[in-house]
Each structure stands twice: as structure tokens, then as C-alpha cells.
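To start, the structure under review is shown below, and the notes come after it.
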Amino acid sequence: MKHIKQKKLAFVFLLIVVSGLLFSGCGKKMNNGETPNVSFQEQAAALYEAKTPYAGNASAVGKVTELLPFANNGERNGMELQTEAEPYGVTLEYKDLSRIPEMELKGNAYLMFCLIENLGQVTFNDQTAKTSVQFLRGDVLEYGNTAEFFAENKEQFISFANRLNDEILKTE
């Protein structure tokens, strides 16, 4: 009888430990790779660390696009680099852009201009509607300065990202 009680206790203890391990991992990651407990400033800082000088570096550009904070409610189907001639560009393919506010696309494009030094244009293609939205590096000037200025250091970049985020939140 004592032996059965010990087995039951061991089983209950094991069940509690396993349940704790299973449930402690739940909700840690979102679809876009960010952790829900990470602040926007921490996410922007991680994005800044992905900065690259060249639009032709597919893996570095891919990392930047994976870390972008806005327009995560769209199904992205790929990325294409335009590096044959200036302005160098990145095209992001989406299944359907209709559910993504243009301000979120603009925010991502402007952050990309800050982080990819020789990037001249960003295009978002809607594969369903067969339309596209395009932004040019010079468009960032509407915020009073250049992409290079906003990318000069991490603090300036985070401040700019916060400004974009605040603007996006106001439009929702």
C-alpha cells in the first residue's frame, strides 16, 4: 500500500512538473518572432542592431524585414531585391494588403530606409488586388530630416520609431 502511495505521489509530482514546463512556454512567441513581453523600445533596439549598408545583402535585408514592427497582420509571401541599378529597392510580396493600413506600410518602409543605407525604394505588392504601394527614401523628409539622420545612433532611431508608432496608434 505504501509503495502504491509513493508511486501516485511521484506520478502527481511528475504531472505537475511536466504541466509547468509545457505551460511556461505558451505565449512566449508571436507569429512575427517578437516576444509579447518585449517593449516597443526593445523591439526597435533589436531592429537597429540589424542595420546593414547594402540592399543587395539578402540575408541582412531579410533579417530587417522579419523584425519590422508594423503590418504584421498581413500574410507575406516573399521578398525581391532590385540591385541592378539605383535606386536600389526591396519589394515585399503580400497575399492581401487590404487589411493593412497604409500608415503601417509607410512606417515599415521608413524604418527600412534608416536601416539599409543604400536602399532607395520600398514596394509592397498586393498579389490579390494586383496593386502596389511604393515609398522612396526622400519621403522620410516629411519628418523633418533624412533617414541617415534618424539612423545616426540607436537613440535617434528609437525616437523616430516611437514617433512612427505613436502616429500609427492615432490612426487606429
Side-chain angles (χ1 to χ4, degrees), residues 28-97 99-127 131-169 171-172:
K28 292 277 186 187
K29 295 261 183 198
M30 293 180 176
N31 288 341
N32 63 356
E34 71 180 270
T35 54
N37 296 329
V38 173
S39 72
F40 183 79
Q41 286 74 19
E42 291 170 317
Q43 189 179 3
L47 184 57
Y48 185 80
E49 295 303 320
K51 190 175 175 183
T52 181
Y54 304 112
N57 184 338
S59 62
V61 172
K63 183 174 182 178
V64 168
T65 64
E66 298 247 340
L67 293 171
L68 291 170
F70 311 122
N72 292 320
N73 57 338
E75 184 181 329
R76 197 169 55 182
N77 291 334
M79 173 183 79
E80 184 181 319
L81 306 178
Q82 291 81 44
T83 58
E84 293 294 316
E86 291 188 39
Y88 301 122
V90 173
T91 299
L92 298 175
E93 300 285 342
Y94 283 83
K95 183 176 180 179
D96 181 10
L97 288 175
R99 297 179 307 159
I100 303 172
E102 189 168 326
M103 182 58 205
E104 290 187 23
L105 298 175
K106 179 170 98 171
N108 278 347
Y110 287 12
L111 293 177
M112 289 174 69
F113 292 131
C114 292
L115 298 170
I116 305 168
E117 292 176 27
N118 70 344
L119 184 63
Q121 67 183 28
V122 176
T123 305
F124 299 91
N125 279 344
D126 184 324
Q127 296 171 333
T131 60
S132 63
V133 179
Q134 186 176 70
F135 300 94
L136 301 174
R137 185 175 200 84
D139 295 342
V140 176
L141 287 170
E142 78 173 275
Y143 285 91
N145 227 312
T146 63
E148 291 80 12
F149 172 82
F150 293 122
E152 210 168 89
N153 60 55
K154 190 186 293 189
E155 290 73 28
Q156 274 177 212
F157 177 77
I158 292 172
S159 177
F160 181 56
N162 280 326
R163 192 169 160 194
L164 291 170
N165 189 45
D166 290 345
E167 214 173 293
I168 288 167
L169 291 174
T171 62
E172 288 182 344

Taking all non-hydrogen atoms of both residues into account, name the closest pair between [X] and [Y] and its distance.
{"X": "Leu67", "Y": "Ala46", "answer": "CD1-O, 3.9 Å"}
{"X": "Leu111", "Y": "Phe70", "answer": "CD1-CE1, 3.8 Å"}
{"X": "Glu155", "Y": "Asn153", "answer": "N-OD1, 3.1 Å"}
{"X": "Thr123", "Y": "Ser132", "answer": "CG2-CB, 3.8 Å"}
{"X": "Ala161", "Y": "Ala44", "answer": "CB-CB, 4.0 Å"}
{"X": "Gly107", "Y": "Leu164", "answer": "O-CD1, 3.8 Å"}

Expected output: side-chain [X] to main-chain [Y] donor-acceptor under 3.5 Å:
{"X": "Tyr110", "Y": "Asp139", "value": "yes"}
{"X": "Arg137", "Y": "Val122", "value": "no"}
{"X": "Asp126", "Y": "Thr131", "value": "no"}
{"X": "Tyr48", "Y": "Ala151", "value": "yes"}
{"X": "Asn77", "Y": "Glu93", "value": "no"}
{"X": "Asn162", "Y": "Ile158", "value": "yes"}
{"X": "Glu75", "Y": "Asp96", "value": "no"}

To the nearest 0.5 Å, how far apart are [atom1] in [X] and [atom2] in [Y]?
{"X": "Leu119", "Y": "Leu81", "atom1": "CG", "atom2": "CG", "answer": "9.5 Å"}
{"X": "Leu115", "Y": "Lys63", "atom1": "CG", "atom2": "NZ", "answer": "11.5 Å"}
{"X": "Ile116", "Y": "Tyr54", "atom1": "CD1", "atom2": "OH", "answer": "13.5 Å"}
{"X": "Thr91", "Y": "Gln121", "atom1": "OG1", "atom2": "CD", "answer": "7.0 Å"}
{"X": "Arg76", "Y": "Asn125", "atom1": "CZ", "atom2": "CG", "answer": "12.5 Å"}
{"X": "Gln41", "Y": "Ser159", "atom1": "CD", "atom2": "OG", "answer": "10.0 Å"}

Quick one: does [X]'s side chain get under 4.5 Å of [Y]'s, heavy atoms only?
{"X": "Val140", "Y": "Thr146", "answer": "no"}
{"X": "Phe135", "Y": "Asn108", "answer": "no"}
{"X": "Leu68", "Y": "Leu47", "answer": "yes"}

So does [X] have more than 12 non-hydrogen atoms from other groups sitting under 6.0 Å from [atom1]?
{"X": "Glu167", "atom1": "CD", "answer": "yes"}
{"X": "Lys51", "atom1": "NZ", "answer": "yes"}
{"X": "Glu142", "atom1": "CD", "answer": "yes"}

(request) Please check if the distance between the ring centroids of Phe150 and Tyr143 is under 6.0 Å. (result) no
(request) Could you give me the CA-CA distance, side-chain angles and deciding distance for Arg99 and Glu104, then say whether salt bridge (charged side-chain N to carboxylate O under 4.0 Å, His left out) is met? (result) CA-CA 11 Å; Arg99 297 179 307 159; Glu104 290 187 23; over 6 Å; no
(request) Go through the steps for Gln156 and Asn145 under the test side chain to side chain contact (heavy atoms under 4.5 Å, CB included), then give the verdict. (result) CA-CA 11 Å; Gln156 274 177 212; Asn145 227 312; over 6 Å; no
